[in-house]
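What you see is a predicted model; the values in this text were computed from it and never measured. Computation of the quantities below employed the complete heavy-atom set of this structure, encompassing side-chain atoms and omitting hydrogens, waters and symmetry-equivalent molecules.
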Amino acid sequence: MKEKVLSNRKNGMPALILTVLLYLAAVAGCIFGGIMVSKGMTAAVLIVSIVWLTIGWFPLMGLKVLKPQEALVLTLFGKYTGTLKDAGFYFVNPFSTSVNPAAKTKLNQSGDVDNGEKHPLSLSINGSAINTESVNKKLSLKIMTLNNNRQKINDCLGNPVEIGIAVTWRVVDTAQAVFNVDNYKEYLSLQCDGALRNIVRNYPYDVAPNVDTTGDGIADEGSLRGSSEIVASRIRDEIQKKVTDAGLEVIEARITYLAYAPEIAAVMLQRQQASAIIDARKMIVDGAVGMVEMALERLNENQVVDLDEERKAAMVSNLLVVLCGSHDAQPIVNSGSLY
């Protein structure tokens, strides 16, 4: 199904003026016809005028008004006839009907909410609120943002993480969006869920050794936390492959929430704290060893004191204790001899 844009139907105003003039003519015809009948003349004018007053409103059903970034998909007796996309006042076949299966579907996104108005009856399917009130069948061509619900997904190491994404999208082919899928809004939401699971399970939450996230057989440093831009780009591409046949364009996908699941969050926090402590201690030890080496070299160069190997070992031990300790050292002054 390919989109066919109707660009030569912006004749709504002439059709409206003509219909109004015919109504006025019908009113005048009723008056004139009544006079003619009262004089014993033919009643044809009166009959025609009454018939037009009865059914003359029907052409008004073909008048359509579109605002910027709106579209209307039209069918005639079940056959797709075209799409109105440009803003303007249109006149189409009054028997044409507009089609939009997703007209009643309201997603948690910008450009598709009810501005705080509550409906008396609604139901929820996969996080999408569907109201039962009648709505217009116009398709929005605006750029909209789908804020998908948070999901609990296992990363490549089996750790459960909670992640949420925001997908920026728009309709680019109205015919495909209406006829190729049952409900393009719900279809997009479900494809976002599937793509998110497919991509997230290939990455660890944080950098882990011996993990290949690109599929090239070589371990890398990719992770959900450190490679969020790459992960989001892969999620966007995965969603786009699924929704192309639905006439949708995914402009951008962004990770809006990322955290360990509550059941393991405390344990992972302790692990991160332990890793940070180990890294800090390693840095302290490396610096302390360098300082001890520098101290011994300066003592030898300046010949301040001549130390044998045993005294050097004792000095190194004392310096390492002082430099690597987590508390301030308490000095002890030796008032006796050096030996």
Side-chain angles (χ1 to χ4, degrees), residues 1-34 43-106 111-115 117 119-122 130-142 144 170-185 246-247:
M1 182 67 68
K2 293 184 178 180
E3 182 182 67
K4 180 171 64 174
V5 179
L6 302 176
S7 58
N8 57 347
R9 304 295 179 89
K10 291 185 180 181
N11 46 10
M13 187 57 67
L16 177 61
I17 294 175
L18 178 61
T19 304
V20 172
L21 291 178
L22 289 176
Y23 253 101
L24 295 177
V27 172
C30 289
I31 298 174
F32 181 71
V45 175
L46 179 61
I47 294 175
V48 171
S49 299
I50 293 175
V51 170
W52 177 253
L53 289 175
T54 304
I55 64 173
W57 55 268
F58 185 71
L60 298 177
M61 297 179 60
L63 298 176
K64 308 292 182 182
V65 178
L66 288 183
K67 294 179 290 186
Q69 296 299 317
E70 286 186 344
L72 202 61
V73 179
L74 300 176
T75 60
L76 182 61
F77 303 121
K79 182 180 179 181
Y80 172 61
T81 56
T83 301
L84 305 177
K85 296 187 73 172
D86 296 333
F89 191 19
Y90 293 85
F91 178 75
V92 298
N93 192 321
F95 289 100
S96 297
T97 57
S98 55
V99 182
N100 183 8
K104 297 181 180 180
T105 303
K106 301 297 180 182
D112 193 24
V113 294
D114 295 329
N115 297 323
E117 297 180 2
H119 301 283
L121 180 61
S122 63
I130 304 178
N131 65 74
T132 57
E133 292 188 357
S134 60
V135 293
N136 62 51
K137 298 299 183 68
K138 297 176 183 177
L139 277 74
S140 175
L141 304 180
K142 301 175 183 177
M144 294 181 284
R170 65 182 175 184
V171 177
V172 293
D173 192 305
T174 57
Q176 290 182 339
V178 170
F179 299 112
N180 284 7
V181 294
D182 183 58
N183 187 319
Y184 66 89
K185 292 181 180 179

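- Contact record, A26 with S49: O-CB, 3.2 Å, taken as the closest heavy-atom pair.
- At a threshold of 4.5 Å between non-hydrogen side-chain atoms, the residues V178 and P101 count as touching.
- Side-chain contact between L74 and T97 is absent, with no heavy atoms from C-beta onward closer than 4.5 Å.
- Listed by first then second residue, pairs satisfying salt bridge (Lys or Arg N to Asp or Glu O under 4.0 Å) with a partner in residues 75-101 read E3-K85, not counting sequence neighbours.
- At a threshold of 4.5 Å between non-hydrogen side-chain atoms, the residues T75 and T81 do not count as touching.
- Expressed to the nearest 0.5 Å, how far CG of L72 lies from CG of L139 amounts to 8.0 Å.
- The closest donor-acceptor contact from the side chain of Y184 to the backbone of N100 lies at 3.5 Å or more, if one exists at all.
- In this structure, CD1 in I55 is found 12.5 Å from CD1 in I50, a value given to the nearest 0.5 Å.
- You'll find the side chain of L16 reaches within 4.5 Å of the side chain of L63, heavy atoms only.
- For the atom pair F179 CZ and D173 CG, the distance stands at 10.5 Å (nearest 0.5 Å).
- A donor-acceptor contact shorter than 3.5 Å is absent between the side chain of T83 and the backbone of T174.
- Here the closest non-hydrogen pair linking K67 and A87 is C-CB, 3.8 Å.
- A 4.5 Å side-chain heavy-atom check between V65 and Y90 finds every atom pair outside the cut-off.
- Side-chain atoms of S96 never come within 3.5 Å of backbone atoms of V92 as a donor-acceptor pair (strictly under, hydrogens ignored).
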Output, in order, the C-alpha distance, side-chain angles, deciding distance and verdict of side chain to side chain contact (heavy atoms under 4.5 Å, CB included) for C30 and L53. CA-CA 9 Å; C30 289; L53 289 175; 3.4 Å; yes
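- The two residues S98 and K137 come nearest to each other via the heavy atoms OG-CB, 3.2 Å.
- Between the K64 side chain and the F89 main chain, no donor and acceptor come within less than 3.5 Å of each other.
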With side chain to side chain contact (heavy atoms under 4.5 Å, CB included) as the criterion, how do L66 and K138 come out once you've worked through the C-alpha distance, each side chain's angles and the decisive distance to 0.1 Å? CA-CA 8 Å; L66 288 183; K138 297 176 183 177; 4.0 Å; yes
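- When every heavy atom of F91 is checked against every heavy atom of P59, the shortest pair comes out as CE1-O, 3.2 Å.
- The environment of CG in N93 is crowded: more than 12 heavy-atom neighbours from other residues, nucleotides or ligands sit within 6.0 Å.
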